[in-house]
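Quick notes on the structure that follows.
Letters go in sequence order (proteins before strands), and every chain restarts at 1. All values below were derived from every heavy atom in this structure, side-chain atoms included, with hydrogens, water molecules and symmetry-related copies excluded.
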There are 2 protein chains.
Amino acid sequence: MDYKIKSRIWIESENNVLLGEGRVQLLKAINETGSLSKAAKSINISYKKAWGLLDSINKSAKKPVTINSVGGKGGGGAELTDYGKALILAFDDINKNCWEFLDTQLEKIESL
Amino acid sequence: MDYKIKSRIWIESENNVLLGEGRVQLLKAINETGSLSKAAKSINISYKKAWGLLDSINKSAKKPVTINSVGGKGGGGAELTDYGKALILAFDDINKNCWEFLDTQLEKIESL
DNA sequence: TTTCGTTATGTTTGTATATATATAACGATT
DNA sequence: AATCGTTATATATATACAAACATAACGAAA
C-alpha cells in the first residue's frame with residue numbers, strides 16, 4: 001500500500017556506458033564460469049548480446065576488465081582482471097548505499 | 001576523461017510506476033500549458049503516450065494528481081492538484097539529493 | 001594435422017514498443 | 001442546436017531492439 005522508491009545507477013566514460021546492473025551481472029557470471037558463452041547462458045541472454053556488452057565494457061574502461069583468450073585448451077575463455085573484480089565490488093557498494101539513501105528520502109513523498 | 005555516475009529514480013505504488021523523470025516532465029508541462037494535448041506537443045511525445053502516462057499516474061497515486069475536464073469552454077483541459085504540485089517538487093528534491101550523494105561515491109571508482 | 005570449444009562476427013527473423021491515424025464523446029459558449 | 005478544442009480510445013503502421021541462426025578464426029593438445 002505504501003510507495004516504494006527504486007533506482008538504477010550506471011557509470012559512464014566519455015559518453016559510453018562502462019557499468020550498469022546488467023553489465024555487472026555479466027561480469028559476475030564470467031567470474032563464476034570462466035567463459036563468456038557459459039556466462040551468457042547462465043544469465044539467459046544471447047551470446048551476441050553478452051559479447052557486445054563485454055566489448056563495450058573493455059572499450060570504455062581505463063584498464064582492461066577481462067582477459068579473453070581464443071583457441072587452445074578448452075577453446076579459450078574469459079576471466080576478470082583484478083581491476084574488473086574491484087569494479088564490481090565498488091559498484092555493488094555504491095548501489096547498496098544509494099538504495100539506503102533513497103529509503104531515507106522516501107518519507108518526503110509519503111508525508112504529502 | 002574521468003568517469004561519471006548517472007542514475008534514474010522512480011516511485012512505485014503496488015508494482016505500478018507512479019513517477020519517473022518522464023512522468024514528472026509531463027506533469028510540469030501540463031502545469032505550464034493547462035492541457036494534456038499541448039503538454040504532449042511541448043515535450044515531443046504523442047498524445048496517446050501522454051494520455052497513457054497520465055492515466056497510469058492517476059491510477060497509481062493515492063490521491064488525484066490532475067483534474068481533467070472534457071468539453072466546455074476551450075474544449076476542456078487538465079491541471080495539477082496541490083498534491084500533484086507537491087509530488088513533482090518532492091521528486092525533484094530527492095533526485096537532486098541523489099545526484100549529489102552519488103557524486104560523493106564516485107571516488108570509490110576513480111581511485112581504483 | 002585433426003579435433004575441440006571457445007571467441008568473434010554477420011545476417012536474418014521475431015517481438016515489443018512507439019508513432020501515426022482516425023473517431024467518438026463531451027459540454028460551455030455562441 | 002451548432003461550434004470548438006479538448007479528453008478518451010481503438011486500430012493500423014513503423015521503428016527499434018532482442019533473439020536466433022550461421023559461420024569463420026583461433027590455438028593448445030592429442
Would a 4.5 Å heavy-atom cut-off, applied to side chains only, mark T66(B) and T81(B) as touching?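 Side chain of T66(B) against side chain of T81(B), heavy atoms only: no contact under 4.5 Å found.
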Could you state the interatomic distance from [atom1] ([X]) to [atom2] ([Y]), rounded to the nearest 0.5 Å?
X       : Y      : atom1 : atom2 : answer
Q105(B) : I11(A) : CD    : CD1   : 10.0 Å
Y47(A)  : L36(A) : OH    : CG    : 4.5 Å
I109(B) : I5(B)  : CD1   : CD1   : 6.5 Å
Y3(A)   : L19(B) : OH    : CG    : 8.0 Å

Provide a list of protein-nucleic acid N or O atom pairs under 3.5 angstrom, restricted to nucleotides 13-22 of chain C.
none

Can you tabulate the close N/O pairs, meaning under 3.5 Å, that link protein atoms to atoms of nucleotides 23-27 of chain C?
{"residue": "dC26(C)", "atom": "O2", "partner": "G71(B)", "partner atom": "N", "Å": "3.1"}
{"residue": "dG27(C)", "atom": "O4'", "partner": "G72(B)", "partner atom": "N", "Å": "3.3"}
{"residue": "dG27(C)", "atom": "N2", "partner": "G72(B)", "partner atom": "O", "Å": "3.3"}
{"residue": "dG27(C)", "atom": "N3", "partner": "G72(B)", "partner atom": "N", "Å": "2.8"}

Taking only N and O in the side chain of [X], is any of them less than 4.0 Å away from OP1 or OP2 of [N]?
X      : N      : value
W51(B) : dT7(D) : no
N68(A) : dT6(C) : no
S69(B) : dT6(D) : no
S37(B) : dT7(D) : yes

Quick one: list whatever passes salt bridge (charged side-chain N to carboxylate O under 4.0 Å, His left out) with [X], sequence neighbours left out.
X       : result
E110(A) : K62(B)
E21(B)  : R8(B)
D103(B) : none

Step through the shown structure and confirm whether more than 12 heavy atoms of other residues, nucleotides or ligands are within 6.0 Å of NZ on K108(A).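 Above 12, so yes.
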Do you know which two heavy atoms are closest between A40(A) and A50(A), and how far apart they sit?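 Closest heavy-atom pair between A40(A) and A50(A): CB-CB, 3.7 Å.
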[atom1] of [X] versus [atom2] of [N]: gap in Å, rounded?
X      : N      : atom1 : atom2 : result
L54(A) : dT6(C) : CG    : P     : 15 Å
L53(B) : dA8(D) : CG    : P     : 14 Å
K41(A) : dT6(C) : NZ    : P     : 7 Å

Which is it for E100(A) and K96(A) under the salt bridge (Lys or Arg N to Asp or Glu O under 4.0 Å) test, yes or no, and what are the steps along the way? CA-CA 6 Å; E100(A) 290 173 1; K96(A) 178 168 162 286; 3.4 Å; yes
In residues 20-35 of chain A, which ones come under 4.0 Å of DNA chain C, going by heavy atoms?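 Close to the strand are S35(A).
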